[in-house]
Amino acid sequence: MKIASVAINTNIKELDKIYDYIVPVELEELISRGMRVIVPFGNGNKKLEAVVLSLDESETYENINLKHIDEIADYEIIINDEMLDLANYIKNKYICTTYEALKLVIPTTTILKRDTQIKLIKRDKDLANKYELLNHIEENFISIKKVENRIGKKINNSTLLKLKKLGIIEVKENISNGIKAKTEKVYFLINKDKALDFVINNKNKTLEKQCIVLRELIKDDKAFTIKEIIDRANVTKAVVKSLVEKGLLGESTVEVYRNPFDRNYYHSKVELNEEQSNAVKVILESHTNGNNVTLIHGVTGSGKTEVYLELIERMINEGYGAIVLVPEISLTPQTVERFKGRLGDKIAVLHSRLSDGERFDEWRRIYRGEVNIVIGARSAIFAPVRNLKLIIIDEEHEHTYKSEITPKYDAKDVAEFRISQMDGILVLGSATPSIESYYKAKNGQFNLVEILNRANNSILPEVNIIDMREELKNGNRNIFSQQLVEEIRNNLELKNQIILFMNRRGYSTFVSCRSCGFVAKCRDCDVTLTYHYYNNRLSCHYCGREYNVPNTCPKCGSKYIKYFGAGTEKIEEEINNLFPAAKVLRMDMDTTRKKGAHENIYKQFKNGEADILIGTQMIAKGMDFKNVTLVGIISADTSLNLPDYRSAERTFQLISQVSGRAGRGEKIGKVIIQTYEPDNPILNFAKEHDFISFYNYEIQMRRMMNNPPYTDILYVLLTSSNENELIKFSHEIKNILDRDYKNELLILGPSPCHISKIKNTFRWNIIFKGDVKLYYNKIYELFNYILKNKPIAFSMDINPVNML
DNA sequence: AGCACGCCGACT
DNA sequence: GTCGGCGTGCTC
């Protein structure tokens with residue numbers, strides 16, 4: 001008898017164990033390790049998805065009272081041993097259940113979709129009065145979702161179970177693969193000689209079209225789609241159909257892959273310059289010096305991408321696979337453009353905006369080894385690339401590489417694990433490396449390659465810092481400084497393109513009463529409301545709730561309710577007022593909701609269809625526009641003073657990246673930074689394009705303030721809708737922690753978060769500094785124990801990206 | 001997380 | 001006697 005040990009689909013730690021099931025004889029041949037199955041679980045024998053982790057032969061009969069596996073859920077092994085190891089690493093490193101880790105390595109779209117169906121067996125008037133659902137079902141099966149829609153509320157399992165036990169209804173669960181492979185019909189010659197005969201002997205003019213089709217197929221004897229035949233022979237589909245009826249053409253269905261990007265780009269190979277070739281050399285040699293992680297610090301425009309392309313080409317020529325991570329969707333169109341242009345169809349693309357079907361197809365092309373290069377966002381680090389030998393993480397400082405949902409993995413850590421698994425090499429690249437990575441490179445943990453010249457010898461843009469306090473003094477109350485307006489005008493006249501950066505969307509960022517000081521806040525969040533012009537509504541950027549615009553102050557009734565603080569919408573309006581002839585594009589969350597909107601705006605601007613691009617940080621990354629000569633940073637101060645140890649680093653990175661959009665072509669670029677803190681050292685390092693001085697300054701601050709990389713931070717977020725309980729238990733836990741960890745760790749808090757309420761949920765935090773990785777699990781257990789059965793949730797994160 | 005079991009008080 | 005509220009323990 002075969003016994004399968006499985007991990008069940010649960011996110012509950014207490015349930016996360018290995019469970020054994022008997023493999024029914026008829027499934028013995030079909031089931032293997034790394035395949036999903038459906039198992040009955042718990043008292044109700046609820047059907048759960050599970051992954052088979054091992055199979056054993058059992059001669060004894062002591063296992064006879066185990067439950068049986070219901071059915072298989074996959075038709076092939078979907079998690080190979082390498083990926084199982086990877087999931088195991090995730091589970092141990094980041095606190096999560098086995099299945100939460102496994103979900104990362106399977107294409108999420110093939111997670112099974114469940115459909116419960118019920119039917120009526122016996123009518124019962126009393127019960128029908130009590131349970132409304134009984135009035136909506138008949139003697140044939142109907143989907144529970146349909147019934148829920150009809151009665152307008154959820155039906156819980158216990159009700160179903162009760163009615164089932166009483167013999168009133170029957171319940172069945174359908175489990176099916178949610179996504180089916182896309183198929184396409186193809187047509188081919190059944191017998192070439194027969195077709196040849198037909199063509200030669202035909203005298204009938206009305207069959208001329210059929211002969212044309214046959215000649216095409218004789219010439220190129222393979223299967224064609226109907227569209228291909230129509231294009232080649234210039235006929236309609238009726239012609240093909242009649243050939244099928246005559247028995248001259250065969251028809252069959254094949255699986256096709258959906259194509260997420262058109263492949264009409266071409267990116268030719270560029271001769272590498274000396275610095276670039278040296279980078280390739282150092283990286284390829286990194287194996288031999290025993291350190292296979294390399295950090296490339298290359299200024300914007302230094303041609304890091306060419307280095308990546310060279311490395312990938314060399315790797316695939318030797319039969320290896322590669323993964324390239326890019327920060328997020330904003331980078332995808334242009335990066336993919338370059339990679340596809342050079343590497344063609346050998347590359348698969350994975351990112352969050354793919355449809356379920358597209359993602360499934362790409363995943364399978366990779367899994368089956370049909371492609372061996374993957375480019376994608378964070379989760380692409382889990383792509384099951386065959387023979388993986390090279391991982392490139394571009395813009396390595398980007399915070400999007402760290403997941404903010406459980407498991408809170410860091411793609412950089414995962415990458416290090418994967419290359420150690422395969423003895424591969426890892427390349428981190430950035431114009432503004434993260435303080436942590438640069439520190440590691442300086443200390444010899446990583447190899448360091450610095451490319452300090454732009455590849456095409458274009459010079460870095462001149463940066464001017466404008467003191468907005470002076471503007472005020474001179475009577476300019478506008479969002480734009482005099483100089484910025486002048487520069488915009490000049491550049492418009494010269495037909496150059498301009499980018500204006502404003503890291504806030506909406507029209508104005510807060511609404512306030514001049515007479516009583518009232519500030520419009522979200523009902524459910526500790527957040528001021530942003531006014532949006534396009535729908536004339538106030539909106540909360542944290543929960544999405546929208547409000548009507550008040551005409552009078554809700555507090556004192558005064559008419560002097562005013563809008564303060566500018567967002568991208570306002571900038572757009574001001575520009576339209578100042579330069580009515582200029583063509584303006586805006587790129588922010590509001591204008592890019594639709595699929596393909598990013599690409600559209602990007603292409604339009606790149607093709608010169610607009611003069612000015614206004615946008616939030618999504619325009620800061622990667623985008624390569626040759627004709628942009630002016631970049632205006634409307635307000636540099638927004639991110640500078642946030643209570644987060646990374647705010648200086650983030651501001652420097654953002655300004656450097658936005659500045660890097662200027663002067664990438666032949667023309668010299670100029671950057672204007674508007675600020676109320678012109679003496680701030682961070683801004684001045686950015687002005688001088690001086691990452692190394694910035695690093696030296698910031699690393700001292702980190703040391704002084706005892707922040708990473710000198711320590712690790714464990715951030716525990718406590719949330720509850722009950723504020724009093726939250727405060728009470730936060731302090732109670734703190735007392736226990738002080739008793740147990742006083743000598744081991746520095747414990748800060750409890751204190752309310754910067755944003756102390758979101759969606760009616762109050763937020764407090766406790767912060768640990770020190771060797772937190774040693775105590776991570778123990779502290780988790782403590783919180784878990786104390787908060788069990790309390791109305792308080794907690795989440796833990798090491799060196800979080802977001803501490804607000 | 002569900003669900004069952006069992007102990008105990010309240011109520012026709 | 002019996003209903004139901006919730007504390008406890010289990011899930012192959």
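Keep in mind it's a predicted model, so treat the numbers as computed, not measured. Reminder, nothing fancy here: chain letters follow the sequence lines and each chain counts from 1. Below, each value reflects all heavy atoms present in this structure, side chains not excepted, and no hydrogens, waters or symmetry copies.
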Checklist entry - With sequence neighbours excluded, what pairs up with Tyr645(A) under the side chain to side chain donor-acceptor pair (under 3.5 Å) test? => result none
Item to check | Qualifying residues under ring-ring contact (aromatic ring centres under 6.0 Å, His included), relative to Phe783(A), sequence neighbours excluded | outcome: Phe794(A)
Checklist entry - For the pair made of NZ in Lys47(A) and P in dG2(B), what is the distance, rounded to whole Å? => result 18 Å
Next on the checklist: So that I know where these two stand, are Tyr409(A) and Phe417(A) an aromatic pair - ring centroids less than 6.0 Å apart?
Outcome noted: no
Checklist entry - Of the options Val51(A), Val52(A), Leu86(A), Leu53(A), which is the one that meets Ile79(A) in a side-chain contact (heavy atoms from CB on, under 4.5 Å)? => result Val51(A)
Checklist outcome for this item: Ile12(A) atom CD1 is separated from dG2(B) atom P, nearest whole Å, by 6 Å
Checklist entry - Any chance the rings of Tyr775(A) and Phe768(A) have centres within less than 6.0 Å? => result no
Atom pairs under 3.5 Å, N or O on each side, protein against nucleotides 7-12 of chain C: can you list them with distances?
residue, atom, partner, partner atom, Å
dT11(C), O3', Gly42(A), N, 3.4
dC12(C), OP1, Tyr21(A), OH, 3.2
dC12(C), OP2, Lys67(A), NZ, 2.3
dC12(C), O3', Asp20(A), O, 2.4
dC12(C), O3', Lys67(A), N, 3.1
dC12(C), O2, Asp20(A), N, 2.7

